[in-house]
Enquirer: 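I have a structure I would like to understand better, so I am pasting it below and will then ask my questions one at a time.
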There are 2 protein chains.
Amino acid sequence: MAGPVQHAQMRASNLALVLRAIADAGTITRVQTATATGLTKSSISGLVTDLVTAGLVEETEAVPGRAGDRGRPSAMIALHRGGAAGLGLELNVDYLAALMVDLGGTVRYRHVVTRDNRGRPPVEVLEELGRLAQEAVTAAAEQGLTLAGACVAVPGAADGTTISRAPNLGWADVPVELPLPRTAYGLAIENEANLAALGELWFGAQVPRDFVHVSGEIGIGAGIVVDGELFRGAHARAGELGHVVVDPAGPPCSCGGRGCLERLAGLDAILAAAGVDSRGELERRCAAGEPTALGAVADAGRLVGVALSSATNLLDPDAVVLGGVFAALAPWLAPAVADSLAAHAVGPELLVSSLGADAAVRGAAGSVIRRVIDDPATFLSAQG
Amino acid sequence: MAGPVQHAQMRASNLALVLRAIADAGTITRVQTATATGLTKSSISGLVTDLVTAGLVEETEAVPGRAGDRGRPSAMIALHRGGAAGLGLELNVDYLAALMVDLGGTVRYRHVVTRDNRGRPPVEVLEELGRLAQEAVTAAAEQGLTLAGACVAVPGAADGTTISRAPNLGWADVPVELPLPRTAYGLAIENEANLAALGELWFGAQVPRDFVHVSGEIGIGAGIVVDGELFRGAHARAGELGHVVVDPAGPPCSCGGRGCLERLAGLDAILAAAGVDSRGELERRCAAGEPTALGAVADAGRLVGVALSSATNLLDPDAVVLGGVFAALAPWLAPAVADSLAAHAVGPELLVSSLGADAAVRGAAGSVIRRVIDDPATFLSAQG
DNA sequence: CACTAATAGTTCACAACCTGAACGAAATAC
DNA sequence: GTATTTCGTTCAGGTTGTGAACTATTAGTG
C-alpha cells in the first residue's frame with residue numbers, strides 16, 4: 001500500500017501522531033501525550049521539541065496543573081495558534097472568497113467579493129482571485145502567521161491544478177496559477193461540494209465522522225465523508241446525488257436519464273413549482289405561509305428524502321446534512337425530508353448545515369490545516 | 001490514525017511491503033524487489049531471509065535469468081505455495097462449505113454439503129460446520145500446509161465472533177466457536193455478500209479495484225469494493241442495495257418502505273411475475289424462450305439497473321458485477337440491466353460473476369491469505 | 001524548615017533497523 | 001585466463017525509539 005518505512009517515515013509518522021494528540025486534546029502535558037500515543041516519555045520529549053522549534057506547538061503559560069496533588073507541575077502544551085495558517089479560496093458562480101484559518105481552526109481573515117463570474121474570461125477571474133489571495137497573504141504576514149499552503153474550491157471537477165470542467169461557469173480545462181509565495185504544501189484544487197462537506201466536518205456543530213452533506217443549489221451534489229475522510233470514488237465522481245433516480249417514469253434530465261433528483265428537486269424545479277423566480281422570493285413566501293410555495297418545497301423535500309434513503313442504504317452514514325439552499329429552506333424542507341427518509345431507511349440523523357455559504361472556503365482553508373496536522377514533517381523540512 | 005511507529009512496526013511494514021511485491025510479481029529477484037519497494041538491497045536481503053525462514057517465500061530453482069546477459073544470475077524468489085493456507089467456511093441457508101487456498105490463491109481443498117439449515121438448531125449446524133472445518137484441517141496437515149487462520153461467511157451481520165442477525169436463517173446473536181487449532185490470525189466472521197465481492201476481486205476474471213458486486217438471492221445485497229478494500233460504512237450496514245427505492249409509489253416492503261428493489265426484483269418477485277415456483281424452472285423457461293419468464297426477468301433487470309445507476313452516481317465504481325442468482329440469469333437479465341444502467345449513469349462496466357456459488361467461501365479463504373500478505377509479521381511471530 | 005514522597009521532564013547508554021559501501025559470488029565477453 | 005558485469009551478503013554508520021537513571025519541582029510531614 002504505502003512505500004517503504006525508513007527512519008524518516010517513522011519520525012514523520014510519530015510527529016503526526018503527537019501533533020494530532022495535541023490537537024485533539026486542546027491542551028495536554030507531555031506525559032499525557034505519551035500515554036495517549038503509546039510512545040515513551042523520552043520519545044515525546046524529542047518529538048515535542050521538534051514541533052515547538054517548528055512553531056507548530058507552544059508551551060502555554062497557564063498551568064492549571066493537577067491542583068492539590070504533589071509532584072512537579074506539568075507544562076501544558078498546545079497548538080501554536082500564531083504559527084501556521086491555511087488559506088482557503090473559493091471561485092464560485094456568483095462570488096469569490098478568501099478565508100484564512102490558524103492551526104486552532106480560528107478564522108483569521110475573511111474577504112468575500114460578490115460578482116457574477118459567468119461570461120467573464122477565466123484569466124480575468126483568476127487574476128481577481130489572485131489579488132484576493134495576495135491581500136490574504138499580506139494579512140497573514142501582518143499577523144505573524146506562516147502560510148502553510150492554499151486550496152481553491154471550485155464548482156466543478158479538478159484534476160491536479162487545473163479545473164477540468166465547471167459546467168455552471170462554462171469552463172473547461174482551465175489551469176489555475178496564483179501569485180502565492182512558496183509554501184510547504186503548495187496549491188490544491190478541489191470540488192466545492194466536497195470541501196463544503198469537509199468544512200462541515202471540521203467547523204460545523206455536532207457533525208459525526210460519517211455523513212453525507214447535500215449541497216442543494218441549481219444542481220444537487222453531495223460530499224460523502226467516511227470515517228472523517230472524503231470519499232471520492234474511483235474517478236473522483238462520487239456523490240452525484242443529483243442524478244440518483246427518484247422516479248423512473250419521471251421527466252427526462254439533461255444527463256440523459258429520467259426522473260433524476262436534480263431535475264425534480266433542484267432549485268429551478270422548486271422555483272417553477274412554486275411559481276416564483278428567485279430564491280429570496282421563495283423564502284419570503286414560505287415564511288409567509290403561502291401554500292403553493294410550501295407545497296413545492298415539501299414535494300422537493302420528499303424526493304430529497306427518497307434519494308437520501310438510497311444513499312443511506314448504500315453508504316450507511318451516521319447522519320445526513322442539508323447544506324446550500326437546502327439549509328436556507330430547512331424550516332420548511334427538513335420535515336418532509338425527515339419523513340420520507342425515515343420511511344425508507346433506518347438510522348441516519350438529519351442535520352442542517354450551520355456554516356451557510358462559508359462552508360466550502362472554510363473547508364478549503366481547513367484542508368490545509370489538516371495537512372499540517374497529518375504531515376508536520378513536510379512543514380518542518382520546508383521551514384528549514 | 002494509526003498507532004505509534006516503533007522499530008517493530010517499521011519491520012512489520014517493510015515485511016508486508018516486500019511480501020506484497022513478491023506476490024504481485026509472481027516471481028522476482030531480490031534486486032527487482034529492491035527497486036519495486038524503494039528499499040535497498042541490504043534491507044531486502046534481511047527481509048527476504050526472514051520471510052523464507054517463516055516459510056512464506058521460497059527460492060525457486062527455475063532460473064530463467066536474463067539470458068544472454070553477463071553477471072551473476074539472479075535467484076528467483078516467489079511465494080511458497082506449500083507454506084501457509086487460509087480456511088474459508090460458509091454457513092448458508094441451504095448448504096455448508098469449507099474451502100482452503102494456499103498463498104498463491106490455488107484451491108487446495110473443497111467440500112460442500114448441501115442441506116437446508118432453516119429450522120435446524122444453531123448448535124447442530126455449527127457442530128456440523130465444525131466437523132467440516134476439522135476435515136479441512138486434517139487435509140491441510142496432510143498436504144504439509146500451515147493453517148494461518150479461518151473466516152466464516154454468513155448470510156447476515158456479524159459482530160466480532162457472533163452472528164448478530166441472520167434473517168433468512170432466523171438466527172440472532174449466535175456465538176460461533178469452532179474446534180480449530182491455534183492459528184496466527186484466529187477466526188473471523190463476515191457477511192456473505194461482502195466476502196463474495198472480495199472473492200470476485202481476488203479470484204474473479206478481470207475485475208477492477210473499484211466495483212459493486214450484487215448478490216441477488218431472495219434478498220438483494222451488495223458488496224462494495226473501493227480501491228481493493230471492502231467498504232463497510234459507519235455501522236457495517238453499507239451495501240443494502242435491496243432497499244434502494246426504485247419506485248416511490250411501489251408496493252410496501254417488509255422494511256417499512258415502499259418500492260424497494262428487493263421487493264420488486266428479488267427472486268421471489270421474479271418467480272411470482274414469471275408464474276413459476278423454483279429457480280430451476282425459471283431458468284428452464286428462460287432458456288426455452290418462454291415470453292412470460294423472459295419478461296419477468298427483463299423487468300427485474302431494468303429495476304436492478306435503476307438501483308445500480310443510483311449506486312453508480314453515489315459511489316463512482318469502475319464496474320458493476322452481477323452475482324448470485326443474477327449471474328445464473330445473466331443471459332436474459334444482463335441486457336436489461338445494461339440498458340437501464342446506461343440510460344441513467346455514465347461509465348461503469350457491467351460484468352457477470354465468474355465464480356458462481358463459490359464466491360463467498362473463496363472470498364473467506366482469500367481474506368485469510370490477504371491478512372498473511374498484509375501482515376506477515378503476525379504470522380512470523382506466531383510461528384515462533 | 002528540613003525531609004520524604006510523588007510526579008514531570010530530560011539525558012544517555014542501548015538496541016533495532018535501514019543505508020551505503022565494500023566485498024564475495026557467479027556468470028559472460030574477449 | 002582475465003576483465004566485466006550483475007547479484008547478493010556483510011559490516012560499519014547513522015537515525016530513531018526505549019528504558020533506566022537523573023534532575024526538577026511541588027505537596028505533605030514532622
Enquirer: On the 0 to 90° scale, with breaks at 30° and 60°, tag the A:F379-A:Y185 ring pair as parallel, tilted or perpendicular.
Expert: parallel
Enquirer: Can you see if the side chain of B:S42 gets near the phosphate of D:dT9 - specifically, an N or O under 4.0 Å from OP1 or OP2?
Expert: no
Enquirer: B:I28 CD1 to D:dG8 C1': how many Å, rounded?
Expert: 15 Å
Enquirer: Using whole Å, what does the distance between atom P of nucleotide D:dT18 and atom CD1 of A:I44 come to?
Expert: 9 Å
Enquirer: Please check if any side-chain donor atom of B:H235 sits under 3.5 Å from a side-chain acceptor atom of A:D210, or the reverse.
Expert: no
Enquirer: If you pin A:L39 and A:H7 to their nearest nucleotides in DNA chain D, which one's is more 5'?
Expert: A:H7
Enquirer: Under 4.0 Å: is that the gap between some side-chain N or O of B:Q6 and OP1 or OP2 of C:dA16?
Expert: no
Enquirer: With a cut-off of less than 4.0 Å, is there a side-chain N or O of B:R11 near OP1 or OP2 of C:dA16?
Expert: no
Enquirer: Just checking, any donor-acceptor pair under 3.5 angstrom between side chains of A:S43 and A:T40?
Expert: yes
Enquirer: Is the distance from OP1 or OP2 of D:dT9 to the nearest side-chain N or O of B:R30 less than 4.0 Å?
Expert: yes
Enquirer: Provide, to the nearest angstrom, the distance between the CG atom belonging to A:L15 and the C1' atom belonging to D:dT15.
Expert: 13 Å
Enquirer: Rounded to whole Å, how long is the line connecting atom NZ of A:K41 with atom C1' of D:dG19?
Expert: 10 Å
Enquirer: OP1 or OP2 of D:dT16 sitting under 4.0 Å from any side-chain N/O of A:N14?
Expert: no
Enquirer: Compare all side-chain heavy atoms of B:P4 with those of A:N14 and state whether any distance is below 4.5 angstrom.
Expert: yes
Enquirer: Would you say the side chain of A:R72 and the base of C:dA8 hold a donor-acceptor pair, judged only by whether the two atoms sit under 3.5 Å apart?
Expert: yes
Enquirer: Grab the CE-P distance between A:M10 and D:dG17 for me, whole Å please.
Expert: 5 Å
Enquirer: Do NZ/NE/NH1/NH2 and the carboxylate oxygens of A:E190 and A:R232 come within less than 4.0 Å?
Expert: yes
Enquirer: Rounded off to whole Å, could you give me the CD-to-P distance for the B:E59 and D:dC7 pair?
Expert: 14 Å
Enquirer: Without decimals, in angstroms, what is the distance between B:L380 CG and C:dC17 P?
Expert: 11 Å
Enquirer: Whether A:T40 contacts D:dT18 is assessed here as follows: a side-chain N or O lying under 4.0 Å from the phosphate OP1 or OP2. Is that the case?
Expert: yes
